[in-house]
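Here the structure is a predicted model, which means the values were calculated and not measured. Numbers for residues simply follow the sequence, beginning at 1. As the structure lists them, so they are numbered: ligands from 1, and atoms in each ligand from 1.
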Amino acid sequence: MEMVQQTISERVVEGFGVSPGVSMGVAYVFEAGQMRVPEYRLPNSQIEAEQERLRSAVVRSRRQLARLRHRLEERARALPTGATEDLGYLLEAYLEMLRDSRLVRGAEDRIAKDALNAEAAVHHEIVAICEAFKAMHDPYLAARVEDIRDVGNRLLKQLTKQSSPQLPPMPKGSILIAEELTPADAAQLDPETVAGFAAQSGGPQGHTAIMARALGLPAVLGASGLLDRVKTGDPVMIDGDLGQIIIHPSPNSVLLFQRREAERRREERELSRLKRQPAVTRDGTAINLLANVELPTEMDSVIEVGAAGIGLLRTEFLFLNHVSMPTEEEQYALIRQLIERAGGYPVTVRTLDLGGDKGAVSFVEQFGSSVSSPLGLRGIRLSLARSEILDVQFRAILRAAVHGPVRILLPMVTTLTEVRAARDILARAARRLLRRGEALPSALPPLGVMIETPAAALTADALAQGSDFFAVGSNDLTMYTLAIDRADERVAHLYNTLHPGVLRMIQFSAAAALRARIPLSVCGEIAGDPRYTALLLGLGFRELSMAPPSIPRVKRRILGIDLAKAERRARMIMDETDTMRIQILVDDFNAPEIERDAG
Ligand code: PEP
Ligand code: MG
C-alpha cells in the first residue's frame, strides 16, 4: 500500500513586529474569558488569614446579590408583570448557596487541609460538587450544576479582584497567542518558558510592546484574524522584525529562520565590540547614552551594553501585578537594588505613571475607571489626587538615594502648579524622614518633568523655571499631539513622530531647556532608533535614554555623525511642513550609514 504523507501547509498571519528577533515554538492559545485561577500553597501561618479572606469575599458576594435582588424588586413594582419573579427566586437560591453551604464550607476545609489559596480552593470545590451532582443522574441536580458554577464564579471574581489575573502555566518553549495581552499580562511572562508572543490587538507604541522589548521576547501585535488560524499545539514561528506569525512553518522557512539567527548573532558580536568605545560624534562631541528600565532583570543588559546610567525607570512596571499600592519598604528595596547595580551612574526614577493602557486591574478597582483612560487620572494627576502615593514613593526614593546618585522624574505633567505641588510633597517627605531619624542624601535629588503632553511642550519655557531637568517622552507626545491612541492597532499607521506638529513640540521644549540651561534628554522610543539620532542631535539633545539592546546601534550611528551637518539638516527639516518630505530628508541624511549597516 502506498504511504500518503500528510503535510499541513504553512500559514502566515501579518501584524506589527513590536519586539525584534525570531523564535520558534509551540502555540499556546490563551482563550478570551478563560478563567485564570491562581493556585499556590500557603505557609501554615497564613491559613487562618486566607479563610478570613474567603469569608469576606462571601460577604461581598452576598451584598452584591442582595443589591441585585433589591433592584429587581423595584423593577417588579414598576412593571405589573411576573416577568422578574423567576429571577428573584434564583437570586434567593444563590444567596442561600452562599450561606453556610457545602461550597463555602468545602472551600474553607480545602484551604486548611491542602494549604491552598482561596481561589484555588473555591475552584476545586466547584469542580467536585458539579462532578458529584452529575454522577447522581438526577435532572433536578444536573440543572443545579450551572447555578453552582455561577455562584462559584461570582465568588472567584470577588477573590481575584484583590489580586491581578494570572496567566496559566505554560510548557517550556511556548509561543503565547491571545486576543489581547495587557502590559500586566506581559509582565508575568518568563522568558525562560515563553519563546515569544502574538496578539490580535495592540499597536507598536503601546506598553505591551515596550514590555516585550524589556523581556527580550520576539512579539507581534495587531495580528487580525490570528485566533482563527492557530490552535494550541501548532508549531509556530514569531518574526518580530517582519511582523509575521508563521504557523506550521515549511522547511524552507525554518532554514531562513536559522540563517537569520546566525546573522543576528554575528551582528551582536560585532556590536559588542563597541561596548568600551565612548559615544562621540565625528567632531568629538560626547553623547550620553542611558537605559530605560522596566524590570530589575534588565539590569544585566544595562551593564552589558555599558549604559551611562538609567535615564528612565518606569516604576509602575515594577508593580503592575500588585494587589495594592506598593509600600515604602517594597519600593525602597527595589530602587535601592537598582541604584546599587547602576554602580555610581545616575538613576532617574520616574514616579508611578499608572493610567492609560497601564491601568492595571487592581488599580482601576482602587481608583476608578478614569485611571484606565489616557485622558483621565493618569501619572502625576493620580499621584497628586492621592498625595499619599507620592509621599510614600518620595520617602522610598529619598532613602534609596543615600546609595547612589538619583534624579526624580514626574510623568504626564501639564502645568507648573503640578511640579510645585510635587516639590512641596518631596520636601515634606524629607522632613518626615528626618524626624524618623533616617539617613538622607546631602541635597534633595533634582526634580524633573517628562515633556509628553502638548501643554507641557508649549509651556516648556515656564516649566523650565520650576524644573531641574526635562525628559522628552516622544511616545505620549506623539499620541496626544496627533490624537492617536498608541495602543490601538487600527490607527497605528497614522502614528508618526516625524509629523511636523510633533517635531515642533520637541524643538520648542529643547530650545526652552537649552535657554534655561537645564539638562535635557529624550526617553521615548525615538531615542533608541538610529533613524532619528542625527535629527535629535541636530536639535540640541546630548542625552538619549532607550531600551538597553538599542544602545550599541545608536552608538554606531553617533560615531558616524558630523554635528555641524546634523544641525544644518535639522534646520532644513524644521522648515518643512510635509511629513513625507520630512521623512525623505531624515532618511536621505542617514542613507550612507544605513547602506553600511545593511552591508
Ligand atoms: C513616553 O511617553 O515617551 C515615555 C517615555 O513614557 P511611557 O512610554 O512610559 O508612557
Ligand atoms: Mg509617557
>> Considering the Mg ion (ligand 2), could you give the total of protein N/O/S atoms lying closer than 2.8 Å?
In response: 2
> With a 3.5 Å cut-off and no angle check, do the side chains of Asn496 and Gln583 form a donor-acceptor pair?
Replying inline: yes
>> Counting only nitrogen or oxygen atoms and a 3.5 angstrom limit, does Arg314 reach ligand 1?
In response: yes
> With distance as the sole criterion, is a donor-acceptor pair present between the side chains of Thr315 and Gln393 under 3.5 Å?
Replying inline: yes
>> Suppose we measure from atom 7 (P) of ligand 1 to each protein heavy atom; which comes out shortest, and what is that distance?
In response: His207 NE2, 3.2 Å
Return all side-chain donor-acceptor pairs below 3.5 angstrom for residues 444-457, not counting sequence neighbours, or 'none' if the list is empty.
residue : atom : partner : partner atom : Å
Glu452  : OE2  : Met412  : N            : 2.7
Thr453  : OG1  : Val413  : O            : 3.0
Thr453  : OG1  : Ala456  : N            : 3.1

> Looking only at distance, does Glu525 have an N or O less than 3.5 Å from an N or O of ligand 1?
Replying inline: no
> Listed by chain and number, what are the ring-ring contact (aromatic ring centres under 6.0 Å, His included) partners of Tyr532, not counting sequence neighbours?
Replying inline: none
> Should the pair Glu316-Arg350 be classified as a salt bridge under the 4.0 Å nitrogen-to-oxygen rule?
Replying inline: yes
>> What protein heavy atom lies closest to atom 6 (O) of ligand 1? Include the residue and the distance to one decimal.
In response: Arg350 NH1, 2.9 Å
>> So, 4.0 Å and heavy atoms of Asn292: is ligand 1 close enough to count as a contact?
In response: no
> Do any heavy atoms of Met450 fall under 4.0 Å from ligand 1?
Replying inline: yes
>> Quick check with a 6.0 Å cut-off and a 45 degree axis cone: is Arg407 positioned over the face of Phe469's six-membered ring?
In response: yes
>> Enumerate the ring pair (Phe, Tyr, Trp, His ring centres under 6.0 Å) contacts for residues 443-462, please, sequence neighbours excluded, ordered by first and then second residue.
In response: none
